[in-house]
Amino acid sequence: MASPSTVAATLSCSSSSWLHGFVGPTNEISKFPDKRIPMLVLAQKKAKKTRKIILKEDVIDLGKRGQLVDVKAGYYRNFLLPTGKAQIVTPGLFKEMQMEEERIEAEKKRVKEEAQQLALIFETVGAFKVKRKGGKGRQIFGTVTAQDLVDIIKAQIQRDVDKRIVSLPEIRETGEYIAELKLHPEVTAQLRLNVYAN
């Protein structure tokens, strides 16, 4: 077994030779005792690991179907891809998505124009006549419902209207009333109703 003094001598010798390999001989180190050599360390920034994807279905807190979003690669790889909720954007897919978007916009525009034309028809027709059994004075038996108005529209101008879009005031007596039809989120038609007793 080696004595402690020989181990220390070997250690000091090997550590100084290790230092010589990097900086040179020890007498060169003693020339610049006060000066330190600045060392520039460049660290590479962590690359952003995001993916541009198109959602195939609605995802809570992320977006709606067909929307283009940026997500972290791990979220896409571990959740969206296995569940089939998203797809990575490729140039061909992006072009296809834009064409689909344009088609949807054109369809929305067509539906809105159709609703505006229907509203114009309803407003130019004049008053729709509603006949009810009369009671005392101006009162009528029962009330006029949305379904009654839908049936009258069908009979007079041959148009099918959903009763859920009809908004009627409460009608319990004869007179003239205004009903509203919400034909489109941006188009509302007003109809005049003339309620009379027979």
Are [X] and [Y] side-chain neighbours, meaning at least one heavy-atom pair lies under 4.5 Å?
X	Y	result
Val71	Thr50	no
Asn194	Tyr177	no
Leu168	Leu193	yes
Arg172	Gln139	no
Lys112	Val187	yes
Leu68	Phe94	yes

Are [X] and [Y] ion-paired here, with the side-chain N under 4.0 Å from a carboxylate O?
X	Y	value
Glu114	Arg110	yes
Arg51	Asp70	no
Arg132	Asp148	yes

Check whether any side-chain N or O of [X] sits under 3.5 Å from a backbone N or O of [Y] as a donor-acceptor pair, and report yes or no.
X	Y	value
Arg138	Glu173	no
Arg65	Lys56	yes
Thr143	Ile171	yes

Legend entry - Approximate separation, where rounding is to 0.5 Å, of Ile165 CD1 and His184 NE2: 12.0 Å
Inset, instruction - Answer yes or no: are there more than 12 heavy-atom neighbours, outside Glu170 itself, under 6.0 Å from its atom CD? - result: no
Inset, instruction - Verify the distance criterion only: is there a donor paired with an acceptor across the side chains of Gln190 and Glu180 at less than 3.5 Å? - result: yes
Inset, instruction - For a side chain to side chain contact (heavy atoms under 4.5 Å, CB included) with Val161, tell me which candidate from Leu191, Ile153, Ile152, Leu149 qualifies. - result: Ile153
Inset, instruction - Measure across Lys129 and Tyr196 and return the closest heavy-atom pair with its distance rounded to 0.1 Å. - result: CB-CE2, 3.8 Å
